[in-house]
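One structure is given below, encoded as structure tokens.
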Amino acid sequence: MSDVLAATSTSAEAWGLVPAVLVVITAGLVLALVVAAVDSAVVTGRGLGTAAEPLRSGSRLLLEERRTTLAPDRLLWRVGGGVVPVAALLSLAVVPFGGRTLWSTSADLVWFNAMEALLWAAVWIVGWGPNSLHSLVGGYRFLAQGLAYELPLMFSLIGVGVAAGSLRTTDIVVAQSDLWFVVTMPVGFVVFVTSAAAFAFWGPFAAPAGGDIAGGVTSELSGPDRLLLQLGRAVFLGAAAAMAVALFLGGDSGPWLPGFAWYVLKTAAVIVALISWGRRLPVLRPDRTVEVAWIVLVPVTLLQTLIVAVLAVTGFYG
Amino acid sequence: MVDVSTWSLVVVAVLGVLAVALGVAVFVVDSMARATFALLGSFLAVAGILLVFDLVYLAVVTALMMTIEMAVMAVFMIMFMMNPAGLMPMSMVHNQRGSAGVGVVTFVVLVIGIWTVDWPPRTGALPEDSTRQLGEAIMGSHMLVMLVIGIALFGTILAGTVLATARGRYDRFGPDLSAARPSDPVEGGMGR
């Protein structure tokens, strides 16, 4: 394993810091656009004809004038709105594109998880900032949801770390050269993707921005602020899909095609599967989604981790 | 001495000042939400310092735990405040004379300690993977301590919840615990 470590350098070392950062930002924006386009195509049911709609509405938001509320906490509101897309992009720093991550640490998995935690503090601030009832209710809903889905997500990440014997994403991809982790950790994979949807409060988990509270955390956002939040959610969903490919679906391994093509294909497949499945469910009440997380997902992921740990001790993962 | 470049020193100094400034801000701002997230900013600056020292796991886990902790704390602090909305002016400062005394004494003790203790020089080299070393320490020689702390923390959480909750199993399942379905104010999602 240490030979492999020495052989893979980070993309910042290989291409220089600025190009590598630009690549990650571009990848994040492309992922966000793909997520938004697929979402728009699935929701409207009019196929790829509506794929350009997110671009149109995005540029409209960019030009829209900001509205404000009475006595908002403007500092926190702006900071929260800015942190959402930044944390989503930062989580991409440890996702291995083309076999390289922007920066490689001995704790990549924890880094990804920390960015997610930042995201949910930021969303609460966005709900708090405008001094408005519906927005604050949305913020509290999101906090309850984030807390409930944090543990299942951590346990599914722990399973991956135990099996690979490393928290470094490039090591995790290498460890799957014989067998993709999704085979021994199907529960972990499903829970990871589900929790990502919960953290992006998207699909069945969209109650924090639900119509019953006039849009919740998004209710008072307008113009560039709304664009930043929506962008952050889309980037994060895309980043989680790309991360799921690296953690469970063997990263860029695959026959005939070059590795990068496989990575893109698998990521697109995860995004399409997640969105077409998630959009079949109605928006669920937060007390329901939260109880499902505590009572079903936590024990199930714990059991999954136990199985992985036993397999790892018996030398199954090599 | 540890070999650190000038850049690292500058970054550590800037983050250190930021951590202290945000820590002061906690007691200066007049809103509970701002105080909470000023404290989070202070912790994140400390996490940044750990990152500069190449202690990635400790840095990231500090950021992770503190973010979750502060987000949960914001809920409780705002809930238990005199004005639940938290947007009215408030103060984090109580018992000013006493706390100033404690602060000055602590500061003096720490400064004297830092400058008079004969710190040992580093023996051995920087480990290649500090995360692995930390994991081996926690799961090896310090296993007992960590287990005891873990169980104590978990016991505290359970005790706190038991003391705080107004509803117990007799409220949910009836005086002789015979109800087939609990009566809960919020039904939840599992059809119980």
Side-chain angles (χ1 to χ4, degrees), chain A residues 2 5 71-73 75-77 79-80 83 87 94 103-125 127-129 131 133 136 139-140 142-144 146-147 150-151 154 161 165-168 284-296, chain B residues 25 29-41 43-44 47-48 50-51 54-76 78-79 84-89 127-135 139 184-192:
Chain A
S2 56
L5 268 184
D73 190 337
L75 175 68
L76 280 188
W77 199 11
V79 168
V83 167
V94 294
W103 83 312
S104 179
T105 72
S106 50
D108 285 349
L109 287 185
V110 196
W111 170 272
F112 190 82
N113 210 341
M115 292 311 128
E116 217 155 25
L118 271 184
L119 200 71
W120 59 275
V123 172
W124 184 82
I125 298 181
W128 169 269
N131 187 22
L133 176 68
L136 186 62
Y140 278 118
F142 185 71
L143 215 52
L147 196 59
E150 188 66 51
L151 281 181
M154 276 184 185
S166 170
L167 300 175
R168 205 183 292 268
L284 296 169
R285 269 186 15 218
D287 52 329
R288 300 192 168 220
T289 54
V290 165
E291 190 166 283
V292 169
W294 285 117
I295 293 192
V296 180
Chain B
V29 294
D30 61 355
S31 126
M32 189 51 88
R34 284 194 178 189
T36 305
F37 288 101
L39 190 54
L40 175 60
F43 281 127
L44 290 181
L50 289 170
L51 211 55
D54 212 14
L55 298 168
V56 182
Y57 181 81
L58 286 180
V60 191
V61 100
T62 304
L64 174 69
M65 299 318 289
M66 287 307 141
T67 309
I68 296 176
E69 207 165 286
M70 289 305 124
V72 174
M73 194 183 85
V75 175
F76 283 92
I78 289 167
M79 192 159 65
L87 283 171
M88 300 283 280
E128 197 179 327
D129 186 348
S130 59
T131 304
R132 181 169 293 274
Q133 202 190 29
L134 184 72
M139 288 298 161
D184 288 330
V186 178
E187 276 185 16
M190 298 308 299
R192 292 179 305 152

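Order of the sequence lines fixes the chain letters, A, B, ..., with proteins taken first and strands second; residue numbering starts at 1 for each chain.
Contacts of B:Phe37 with chain A are made by side-chain atoms alone, with heavy-atom separations under 4.5 Å and no backbone atom involved. Using a 4.5 Å cut-off between heavy atoms, A:Trp294 does not touch chain B at all. Of the atoms belonging to A:Trp124, it is side-chain heavy atoms, and not backbone ones, that fall under 4.5 Å from chain B. Residue B:Ala59: no heavy atom, backbone or side chain, is found under 4.5 Å from chain A. Contacts between B:Leu134 and chain A at a heavy-atom distance below 4.5 Å are absent for every atom of the residue. For A:Leu147, the part lying under 4.5 angstrom from a heavy atom of chain B is the side chain only. Neither the backbone nor the side chain of A:Glu116 has a heavy atom closer than 4.5 Å to any heavy atom of chain B.
The two residues A:Leu76 and A:Ile125 make their nearest non-hydrogen contact at O-CG2, 2.9 Å. Closest non-hydrogen pair, B:Met70 versus B:Thr36, comes out as O-CG2, 3.3 Å. The two residues B:Thr67 and A:Ala117 have their closest heavy-atom pair at CG2-O, 3.3 Å. Taking every heavy atom of both residues into account, A:Leu167 and A:Ser106 meet most closely at CB-O, 3.4 Å.
Among B:Ile68, B:Val56, B:Val61, B:Thr62, the residue with the largest count of heavy-atom pairs under 4.5 Å with chain A is B:Ile68. Ranked by heavy-atom pairs under 4.5 Å with chain B, the list A:Gly139, A:Ala114, A:Gly146, A:Pro286 is led by A:Ala114.
From B:Met73, atom CE reaches atom CG of B:Leu39 across 5.5 Å, with rounding to the nearest 0.5 Å.
Using modelled atom types, no side-chain atom of A:Asp108 and backbone atom of A:Val94 make a donor-acceptor pair closer than 3.5 Å.
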Run the side-chain contact (heavy atoms from CB on, under 4.5 Å) check on B:Leu50 and B:Tyr57 step by step: do they pass? CA-CA 9 Å; B:Leu50 289 170; B:Tyr57 181 81; over 6 Å; no
